[in-house]
Asker: 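Below is one structure. I have some questions about it.
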Amino acid sequence: MSERIRSAAVIGAGFGGLALAIRLQSAGVSTTLIEARDRPGGRAYYWEKDGFTFDAGPTVITDPACLRELWSLTGHEMAADVELIPVSPFYRLNWPDGTTFDYTNDDELLTREIGALDPADVAGYRRFLDYAGGVYREGYEKLGHVAFLDFASMVKAAPALAKYQAWRSVYSMVSSFVKSEKLREALSFHTLLVGGNPMTTSAIYALIHKLERDGGVWFAKGGTSRLIAGMVRHFERLGGVVRLGDPVTEIETLGDRVTGVATRSGWRGSFDAIASNADIVHSYRDLIPHSTHARRQARKLINRRFSPSLLLVHFGIRGRWPGIPHHTIMFGPRYRGLLTDIYDHGVLPQDFSLYLHHPTATDPDMAPEGHSTFYALAPVPHLGKLPIDWEAVAPLYADRIIEEIERRLIPELRERIVTRFHYTPADFASDLNAHQGSAFSLEPLLTQSAYFRVHNRDDAIPNLYFVGAGTHPGAGIPGVVGSAKATAALMLGG
Ligand SMILES: Cc1cc2nc3c(=O)[nH]c(=O)nc-3n(C[C@H](O)[C@H](O)[C@H](O)COP(=O)(O)OP(=O)(O)OC[C@H]3O[C@@H](n4cnc5c(N)ncnc54)[C@H](O)[C@@H]3O)c2cc1C
């Protein structure tokens, strides 16, 4: 694009769409953000039920600097709109044999925790941290927010990829540094938070460890939805326009350019440029019906590997649980085998590993007095694998998850429940237009990263852009906020 963009539409108000809209509006581009659902946030939606506040998705906020930047672009302070609270420990890891491991950025405490698993691994962990620091600098600081539009950009990154043995998996790399199986799990599970199987996701993703150690783990007062609300407030303060509850049904084209959007309500708008934060398959397959190029792109994407989905059980209970930290990972009896079942075989396993979110540990106001809010999350296959009747299976699976938490963590949990509901892969598909109900879009494999991911600017339609989990660098809040920076640079930089 050589001519200056004066007006833009961003389709979808997920973290990526919002971050892009703020960047464009901050640069003087008159920006309209169009969201299908009644509330902004996308994966970061929320519900209020019986006095409990339930965040639908992201809860671990890392790299707060990438968020603050969205305010500082125009000399504003994020703190005026959002209060971020540090979380410690970052996570408590818990295994079926009763072992626990508190993962923190207090060096002394962490060393003690590692020593308790295996004293011989303390030195190995130091070497792993050095490695993670290296990939963080190369993979995140240098390349996490620049677009990969051509193969040459990939070639330029090749020496760094080779130096850090990016072809190896995170688990394999971690295993080269430490011997304790539990520590290997503790240092490799993070890829699951962005949809990757630790056994196959590139070792580059070890950078998440460094990201957390340096930037900390944070939670927004009131929940992640308050961070979203703060972003919306900031965007509107700058003059941006938000349309909610009105899905885009078509991106209009003329020749090789996009010219405007039409929505379900019958509203139409003309724009110099359009960026889609909606699911990548949905965008190419459903929204650009008159472009053969878009149809071809959709066909190519459908054959790629998408991340699994999730089953979430939300529950509000009687009692306060100060002994349960904000984030707990409850490993099941299997690690590699469980992941293979979910990622490759596509079967719903008998056993599970859970992430338990306990926001009232940090912000008691998210539940009524004397009560607590939780969600439990289990990775499950996406809808493109073996058929699973989620309507029938989900209540039973959710029961088993509740029983497991009762057995291992919260006595009499079932009697304490005041309110409870669950969210399935079918909900991801219907609420978010997520292809195959995937929770994280394209799986973060090396062969689907950087240049091999959906490009932040379309190759054939020069004023059509993409932002969010399906684009470079990928899923997770820092990832999609980084993708917004990459896309904004293309849109604003000519
Ligand atoms: C349960 C869960 C827990 C997670 N935990 C963490 C975590 O702790 N930390 C972390 O960093 N990351 C986490 N992630 C990942 C992170 O939440 C996502 O990668 C990120 O939020 C995705 O943002 P996005 O910009 O791609 O947009 P999305 O959130 O996918 O939003 C896209 C938006 O587009 C809208 N849309 C779709 N079609 C249309 C249309 N036709 N017209 C208009 N709008 C449309 C959708 O309604 C949606 O609002 C988690 C994800 C899930 C699901």
Side-chain angles (χ1 to χ4, degrees), residues 9-21 33-45 54-64 66-67 87 90-91 190 192-196 208 211-212 217-219 224 227-228 231 243-251 261-264 274-283 285-288 307-314 326-327 355 357 375-379 423 425 427-435 437-442 444 454 466-471 473-484 487:
V10 177
I11 302 169
F15 265 106
L18 265 163
L20 176 62
L33 182 60
I34 309 158
E35 167 56 46
R37 298 175 88 183
D38 60 338
R39 288 177 181 162
R43 263 80 176 165
Y45 193 82
F54 295 102
D55 270 318
T59 59
V60 180
I61 294 173
T62 49
D63 193 14
C66 78
L67 296 166
V87 175
F90 290 169
Y91 311 87
H190 295 78
L192 290 163
L193 298 178
V194 293
I208 301 176
L211 192 76
E212 290 179 343
V217 167
W218 302 79
F219 188 63
T224 307
L227 172 53
I228 291 290
M231 290 170 83
R243 290 186 68 86
L244 293 176
D246 198 11
V248 169
T249 47
E250 185 176 344
I251 299 175
V261 298
T263 65
R264 186 177 290 165
I274 294 167
S276 182
N277 177 226
D279 180 89
I280 46 174
V281 172
H282 169 63
S283 299
R285 186 192 55 203
D286 307 332
L287 299 185
I288 324 175
S307 293
S309 193
L310 302 168
L311 180 86
L312 290 111
V313 191
H314 297 268
H326 192 137
H327 306 293
Y355 158 59
H357 177 225
Y375 85 48
L377 166 166
Y423 199 80
D427 295 319
F428 279 99
S430 62
D431 289 347
L432 292 155
N433 293 317
H435 181 59
S438 164
F440 306 92
S441 191
L442 285 174
V454 166
F466 291 89
V467 65
T471 68
I477 297 173
V480 300
V481 169
S483 82
T487 304

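All values derive from a computational prediction rather than experimental measurement. Counting starts at 1 for both ligands and their atoms, in listed order. Count residues from 1 along the sequence.
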Asker: Using a 3.5 Å cut-off on N/O to N/O, what pairs does ligand 1 make with the protein? A line per pair would be great.
Answerer:
| residue | atom | partner | partner atom | Å |
| --- | --- | --- | --- | --- |
| ligand 1 | 8 (O) | T59 | N | 3.0 |
| ligand 1 | 8 (O) | V60 | N | 2.8 |
| ligand 1 | 9 (N) | V60 | O | 2.9 |
| ligand 1 | 11 (O) | I477 | N | 2.8 |
| ligand 1 | 19 (O) | G476 | N | 2.8 |
| ligand 1 | 25 (O) | G16 | N | 2.7 |
| ligand 1 | 25 (O) | N277 | ND2 | 2.8 |
| ligand 1 | 26 (O) | A469 | N | 2.9 |
| ligand 1 | 29 (O) | R43 | N | 2.7 |
| ligand 1 | 30 (O) | R43 | NH1 | 2.7 |
| ligand 1 | 38 (N) | N433 | ND2 | 2.9 |
| ligand 1 | 41 (N) | V248 | O | 3.1 |
| ligand 1 | 41 (N) | H282 | NE2 | 2.9 |
| ligand 1 | 42 (N) | V248 | N | 2.9 |
| ligand 1 | 44 (N) | A36 | N | 3.2 |
| ligand 1 | 47 (O) | E35 | OE2 | 2.7 |
| ligand 1 | 49 (O) | E35 | OE1 | 2.6 |
| ligand 1 | 49 (O) | E35 | OE2 | 3.1 |
| ligand 1 | 49 (O) | G42 | N | 3.3 |

Asker: For H435, check ring pair (Phe, Tyr, Trp, His ring centres under 6.0 Å) against everything at least two apart and list the hits.
Answerer: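 Counting only residues at least two positions away or on another chain, H435 forms a ring pair (Phe, Tyr, Trp, His ring centres under 6.0 Å) with F306.
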Asker: With S309, which residues qualify under side-chain hydrogen bond (donor to acceptor under 3.5 Å, both in side chains), at least two apart?
Answerer: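 Scan of S309 (side-chain hydrogen bond (donor to acceptor under 3.5 Å, both in side chains), adjacent residues dropped) gives none.
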Asker: Between D431 and Y423, does any side-chain donor sit less than 3.5 Å from a side-chain acceptor?
Answerer: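 Yes, Y423 and D431 have a side-chain donor paired with an acceptor closer than 3.5 Å.
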Asker: Looking at residues at least two apart in the chain, or sitting in another chain, which of them share a side-chain hydrogen bond (donor to acceptor under 3.5 Å, both in side chains) with Y375?
Answerer: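 So Y375 forms no side-chain hydrogen bond (donor to acceptor under 3.5 Å, both in side chains) with any residue.
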Asker: For A44, is there any backbone N or O sitting under 3.5 Å from a side-chain donor or acceptor partner on T224?
Answerer: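 No; judged by distance alone, with no hydrogens or angles, the pair does not exist.
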Asker: Do H326 and H357 meet the criterion of a side-chain donor-acceptor pair at a distance under 3.5 Å?
Answerer: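 On atom types as modelled, these side chains qualify, holding a pair under 3.5 Å.
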